[in-house]
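Have a look at the structure below, then the notes.
Counting starts at 1 for both ligands and their atoms, following the listed order. Just the heavy atoms: all of them, side chains too, but no hydrogens, waters or symmetry mates, feed the values below.
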Amino acid sequence: ETDLEKGFEALRNGEFILVFDDDDREGEVDMIIASEFVTPKSIATMRDYAGGLICNCLHSDYCDAIKLPFMTEIMQAACEKYPDLEKLTPNDIPYDERSSFSIWVNHRKSFTGITDIDRATTISEMAKMMKEERFEDFGKTFRSPGHVCLLRGADGLVKNRRGHTEIGLAMCEMAGITPVCVVCEMMDSKTGKATSIEDACKYAEKNNLVLLKGEDIINAYLNI
Ligand code: 5RP
Ligand code: CA
Ligand code: CA
Ligand code: ZN
């Protein structure tokens with residue numbers, strides 16, 4: 001069994017995989033899990049052992065179905081009324097051409113939205129809505145702003161962008177599960193930087209997780 005196959009199996013079992021994007025990009029390891037299986041315990045694990053931003057990635061087909069724009073598109077549209085927003089245009093991201101950020105949401109059943117229970121509900125119910133293709137429920141089920149950032153996967157996923165967003169969604173597609181996944185960067189509180197690949201590797205071994213390279217996932221996806 002290859003590491004890639006172990007990764008598919010882990011995702012299907014609701015377990016974390018670790019993914020390093022690329023030395024030429026962020027150079028970060030994200031914890032990734034299929035959103036449909038997310039529980040409050042998964043959120044606690046990401047808070048305690050990753051510490052980055054907990055984001056819910058959505059396949060572009062789903063984003064189209066619920067008409068979910070990128071945050072940049074929303075700000076562009078708001079520029080008419082608030083022209084100074086134009087000055088914030090993200091034209092200088094050092095590691096990529098564009099970010100995948102969209103809006104932030106909470107499930108309407110949330111109280112504050114930030115607890116492990118609230119975030120797990122927001123994330124898993126989003127995956128369930130997509131899986132069951134209840135696209136018309138989007139606004140009925142979620143409110144915005146909220147505490148879970150939605151990331152919009154690029155059209156064609158890794159064919160057009162090589163971020164953790166697309167890499168995670170490509171992994172879900174290849175594993176045959178609903179392409180909605182959580183990504184959270186592993187951070188090192190000792191250095192104030194991203195966790196090194198060596199330390200991520202140690203964490204993976206200790207916790208029996210696979211650590212995959214973005215490049216290998218991208219190649220597998222492009223060779224389907
Ligand atoms: C959200 C991020 C992370 O880097 C996450 O991995 C998604 O971004 P990308 O697709 O650019 O890698 O910025 O916290
Ligand atoms: Ca990033
Ligand atoms: Ca609050
Ligand atoms: Zn990333």
Check your understanding: Short list, please: which atoms of ligand 1 are under 4.0 Å from a heavy atom of Val183?
Key ->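 Those of ligand 1 that fall under 4.0 Å from Val183 are 5 (C).
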**Study point:** Distance filter under 4.0 Å to Leu151 heavy atoms, resulting ligand 1 atoms
**Key:**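 Near Leu151, meaning under 4.0 Å from one of its heavy atoms, ligand 1 has 7 (C).
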Count the heavy atoms of every other residue, nucleotide or ligand shown that sit under 6.0 Å from [atom1] of [X], and state whether that count exceeds 12.
X	atom1	result
Ile117	CD1	no
Asn208	CG	no
Tyr49	OH	no

Review point. Can Cys55 be said to touch ligand 1, with heavy atoms closer than 4.0 Å?
Key: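 For ligand 1, residue contact (heavy atoms, under 4.0 Å) with Cys55 is present.
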Review point. Does Asp30 reach ligand 1, in the sense of a heavy atom lying below 4.0 Å from it?
Key: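 Yes, that is the case, since the closest heavy atom of the residue is under 4.0 Å from the ligand.
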**Study point:** Value rounded to 0.5 Å, distance of CZ in Arg143 from NE2 in His107
**Key:**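 Those atoms lie 9.5 Å apart.
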Review point. At what distance, to the nearest 0.5 angstrom, does SG of Cys201 lie from CZ of Phe20?
Key: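 Reported value, rounded in 0.5 Å steps: 12.0 Å.
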Check your understanding: Can you tell if the side chain of Glu28 reaches within under 4.5 Å of the side chain of Tyr95, non-hydrogen atoms only?
Key ->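 A side-chain contact under 4.5 Å is absent here.
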Review point. Is there an N/O/S atom in Asp21 at a distance below 2.8 Å from the Zn ion (ligand 4)?
Key: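 No N, O or S atom of Asp21 is closer than 2.8 Å to the Zn ion (ligand 4), so no.
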N or O contact, [X] vs ligand 1, cut-off under 3.5 Å:
X	result
Asp21	no
Tyr95	no
Glu26	yes

Point to revise | Sole residue of Val210, Val183, Ile217, Val29 in side-chain contact (heavy atoms from CB on, under 4.5 Å) with Val19 | key: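 Only one of Val210, Val183, Ile217, Val29 forms a side-chain contact (heavy atoms from CB on, under 4.5 Å) with Val19, namely Ile217.
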Practice item. For the atoms ND1 of His164 and OE1 of Glu26, give the angle they form at the Zn ion (ligand 4), rounded to 10 degrees. Key: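 My answer is 100°, to the nearest 10°.
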